[in-house]
Student: 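If you scroll down you'll find the structure; I have some questions about it.
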Amino acid sequence: MRRLLGALTALVSATVMVSTPAAASAAPNCAVGKLNVPGTEVLSITAGEKPGGTVEYPPGLPIPPVTNVPRYCAVTVMLTHPGVGDKVTVKVWLPISGWTGRFQGVGGGGYSMTGWDASLAEAVKLGYAAATTDGGVGSDMSSPAAWALDKHGNVNTELLTNFASRSLHDMAVAGKAVTAQYYGSPAKYSYWNGCSQGGRQGVMNAQRYPDDYDGINAMAPAINWNRFAVGGLWARVVQNEERNQLTDCELNAFEKAAIDACDKIDNVADRVIDDPRKCHYNPYDLVGTKIDCEGQEVTISRADAEVIRKIWEGARGWYGFNRGTDLSVVGGPTGFDLSAHWVRYFIEQNPQYDVTKMSYADYYKAFIEARVRYDKLIGTEDANLSAFRRSGGKMITWHGTDDAVIQYQGTVEYRERVGRRMGDVNDFYRVFLAPGVDHCAGGVGAVPIDPLGAVVDWVEKGKAPQTLPARTMDGSATRNLCLYPLVSKYVGGDPNSANSFTCRRG
């Protein structure tokens, strides 16, 4: 069974181990003086030279360590917003040699604003000065339990404001100021890089702080936060109401059947549904089929097919799940953790609230309340990107069509709304869809190889990307992801080669 990389990242702690010696003595030039971050009070600044070497991603993530990281200066800035009582950490890593003149803001994931140390190491290795922030909410990606509610049991709106937007700007100001002090000159170019929560942060930067970054790489962005966060419980709620909990092998059987039926619509047998809109597989076609579930024979029933139909169809106000998408993360007995915690803490304000007993009525009540209470705070749906365009900013978004955590249709909807408001937006904002790709990576489809590089070329060389080069995780096939709304069409030749496809209107 495929596992969603993004869902895995939402379940682990953002702890990174450095395999080289723990510390090196502070170098004379690894020091930072006073900083001015408007709207905050700087509590402390510490700096020290680090030897680089190898930096690991958190245990459990299928990501190789970052090796050959050069020596860098690590700066930690502690901030507070007067009257709020928060304590915000901003981390800045600066390569001691080989700086390219670029600054990179590194995004977080799940309920953490901050990126892993390994993500900072990736940036440093590429010659960026890089920064990330915890927004005062810590680094637990899996749960907001430590900060969501105040001592009276009310939503901690100040920390949610940090998480949603405020600390993004603070980080950009502090990170750039540290960079300018250390190198004696400001960064020539500034970039944002993030997926999922980090993707949402990138879009929020474009909306609220249009002058902070020259280029933004916003991957699988968690925009429509307060809609998709509740929507992630839909598969759980359907099974509650229908009193029919499907096992993973039953979910997988419907997934496989849909792919079997729709794989060749694009004339290529690669287990990828290139355009999910054209897949109309009927789940009732699987009724009566016998499958093996861990050695036990199970017959697919009409009730099973009805559950899948409703999950695929989706609830009112949000999108269903594509046929062929892996539903194991959102369809399990406890539901999707990120969504469960959003409802527990920010809607019900009750950490003990049992989402496994939610009815359709409970779902729609939570969905409506989330929109009413949090649209303006964290919805990240503002289609007016005029200021970002005027600033000369460029933004690229790519999204996997098999993403069961954040449905790609939300990204498409946002792109369409921006276009309706602003006309042809390809001069500064481009969207690419990745057929068969899960959340941020994974799946059988081709994943973009270097989307941030495409942003850099667009900003610094004026080369607007027509496609994004991509390859499958196993390296067996390449593709060129098409600029939305174009879709990939097979024109003949080796189906594993990007040269055998072209981009056309769907």
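Quick note: residue numbers are just sequence positions, from 1.
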Student: If you measure from CD on Q201 to CE on M113, what distance do you get to the nearest 0.5 Å?
Tutor: 5.0 Å

Student: Walk me through it: do L377 and T157 pass the test side chain to side chain contact (heavy atoms under 4.5 Å, CB included)?
Tutor: CA-CA 9 Å; L377 201 161; T157 305; 4.0 Å; yes

Student: Using only atom types and a distance under 3.5 Å, with no angle test, would you say the side chain of D134 pairs donor to acceptor with the backbone of S139?
Tutor: no

Student: Quick one: closest heavy-atom pair of G232 and F336, and the distance?
Tutor: O-CB, 3.8 Å

Student: Give a yes or no on whether a salt bridge exists between E122 and K125, defined as a side-chain N under 4.0 angstrom from a carboxylate O.
Tutor: no

Student: Let me see the working for Q407 and W318 under side-chain hydrogen bond (donor to acceptor under 3.5 Å, both in side chains), right down to the final yes or no.
Tutor: CA-CA 9 Å; Q407 290 93 323; W318 191 238; 3.2 Å; yes

Student: Under 3.5 Å, is there a donor-acceptor pair between the side chain of Q207 and the main chain of D382?
Tutor: yes

Student: Does some side-chain heavy atom of V203 sit less than 4.5 Å from a side-chain heavy atom of R200?
Tutor: no

Student: For a 4.5 angstrom cut-off between non-hydrogen side-chain atoms, does T397 reach P221?
Tutor: yes

Student: Do W312 and T325 have side chains that get closer than 4.5 Å, going by heavy atoms?
Tutor: no

Student: Starting at CG of N282, measure out to CD1 of I308 and round the result to the nearest 0.5 Å.
Tutor: 12.0 Å

Student: Under a 3.5 Å threshold, yes or no: a donor from one side chain and an acceptor from the other, between N193 and N217?
Tutor: yes

Student: Indicate whether the side chain of N224 and that of E381 have a donor and an acceptor atom separated by less than 3.5 Å.
Tutor: yes

Student: Taking the side chain as everything from C-beta on, heavy atoms only, tell me whether H439 gets closer than 4.5 Å to I406.
Tutor: yes

Student: Can E242 and K310 be counted as an ion pair, charged N to O under 4.0 angstrom?
Tutor: yes

Student: Would you name the heavy atoms of M422 and A383 that are closest together and state the gap between them?
Tutor: SD-O, 3.8 Å

Student: For residues 466-492, pull every pair meeting ring pair (Phe, Tyr, Trp, His ring centres under 6.0 Å), keeping only residues two or more places apart or in separate chains.
Tutor: Y490-F501

Student: With heavy-atom distances below 4.5 Å as the criterion, would you say the side chains of S167 and V137 are in contact?
Tutor: no

Student: Is the shortest heavy-atom distance from the side chain of K394 to the side chain of I216 under 4.5 Å?
Tutor: no

Student: T502 and K489: side-chain donor and acceptor closer than 3.5 Å?
Tutor: no

Student: So among D274, T472, N496, D270, which one has a side chain to side chain donor-acceptor pair (under 3.5 Å) with R479?
Tutor: D270

Student: Backbone N or O of F346 within a donor-acceptor pair of the Y374 side chain at under 3.5 Å?
Tutor: yes

Student: Nearest 0.5 Å, please: how far is CG in N480 from SG in C503?
Tutor: 7.0 Å

Student: Spell out, as yes or no, whether a donor-acceptor pair under 3.5 Å connects the side chain of T380 to the backbone of I378.
Tutor: yes

Student: Closest heavy-atom contact between T132 and V106?
Tutor: OG1-O, 3.0 Å

Student: Could you pull out the closest heavy-atom pair between F388 and A206, with the gap in Å?
Tutor: CB-O, 3.5 Å

Student: If we ignore hydrogens and angles and just use 3.5 Å, is the side chain of D438 paired with the main-chain N or O of G443 as donor and acceptor?
Tutor: yes

Student: Give me the atom names and distance for the closest heavy-atom approach of A305 to P283.
Tutor: CB-O, 3.6 Å

Student: Set out, in order, the CA-CA distance, both residues' side-chain angles and the distance that settles side chain to side chain contact (heavy atoms under 4.5 Å, CB included) for E297 and D292, then state yes or no.
Tutor: CA-CA 5 Å; E297 186 178 80; D292 178 76; 5.9 Å; no

Student: For the pair Y429 (side chain) and G393 (backbone), establish whether a donor and an acceptor sit closer than 3.5 Å, ignoring hydrogens and angles.
Tutor: no

Student: Going from CG on L327 to CG on L246, what distance comes out if it is rounded to the nearest 0.5 angstrom?
Tutor: 9.0 Å

Student: Between the side chain of S500 and the main-chain N/O of D494, is any donor-acceptor distance below 3.5 Å?
Tutor: yes

Student: Looking at CG of D403 and CG of D326, how far apart are the two atoms once the value is rounded to the nearest 0.5 Å?
Tutor: 11.0 Å

Student: Q409 vs N322, test: side chain to side chain contact (heavy atoms under 4.5 Å, CB included). Steps then yes/no.
Tutor: CA-CA 10 Å; Q409 295 98 317; N322 289 331; 3.3 Å; yes

Student: Check L251 against S328 and note the closest heavy-atom contact, atom names and distance.
Tutor: CD1-CA, 4.3 Å

Student: In terms of side-chain geometry, is the basic nitrogen of D260 or R271 positioned less than 4.0 Å from the acidic oxygen of its partner?
Tutor: yes

Student: Can you check whether G108's main-chain N or O pairs, donor with acceptor, with Q197's side chain at less than 3.5 Å?
Tutor: no

Student: When you compare the side chain of N162 with that of W147, does any pair of heavy atoms fall below 4.5 Å?
Tutor: no

Student: Is a side-chain N or O of D263 found less than 3.5 angstrom from the main chain of I259, in a donor-acceptor match?
Tutor: no

Student: Going by the rule ring pair (Phe, Tyr, Trp, His ring centres under 6.0 Å), which residues pair with Y319 if we only count those two or more places apart in sequence or in a different chain?
Tutor: none

Student: Look at the side chain of S143 and the backbone N and O of A145, then say whether any donor-acceptor pair between them is shorter than 3.5 Å.
Tutor: yes

Student: I need the full list of ring pair (Phe, Tyr, Trp, His ring centres under 6.0 Å) pairs touching residues 226-264, with sequence neighbours left out, sorted by first then second residue.
Tutor: W225-F228, W234-Y360, W234-Y363

Student: Does R430 qualify as a cation-pi partner of W398, given the criterion of NZ or CZ under 6.0 Å from the six-membered ring centre and within 45 degrees of its axis?
Tutor: no

Student: Quick one: list whatever passes salt bridge (charged side-chain N to carboxylate O under 4.0 Å, His left out) with R277, sequence neighbours left out.
Tutor: D275

Student: Quick one: do R373 and E369 make a salt bridge, cutoff under 4.0 Å?
Tutor: yes

Student: I need the full list of disulfide (SG to SG under 2.5 Å) pairs touching residues 325-366, with sequence neighbours left out, sorted by first then second residue.
Tutor: none

Student: With a 4.5 Å limit on heavy-atom distance, are the side chains of D402 and V437 in contact?
Tutor: no

Student: Is any NZ, NE, NH1 or NH2 atom of the basic residue among E413 and R227 found under 4.0 Å from an Asp or Glu carboxylate oxygen of the other?
Tutor: yes

Student: Could you state the interatomic distance from CZ (R236) to CD (Q245), rounded to the nearest 0.5 Å?
Tutor: 4.5 Å

Student: Applying salt bridge (charged side-chain N to carboxylate O under 4.0 Å, His left out), can you list everything that pairs with R389, at least two apart in sequence or on another chain?
Tutor: D427

Student: Counting only heavy atoms from other residues, nucleotides and ligands, does the tally under 6.0 Å from CZ of R471 exceed 12?
Tutor: no

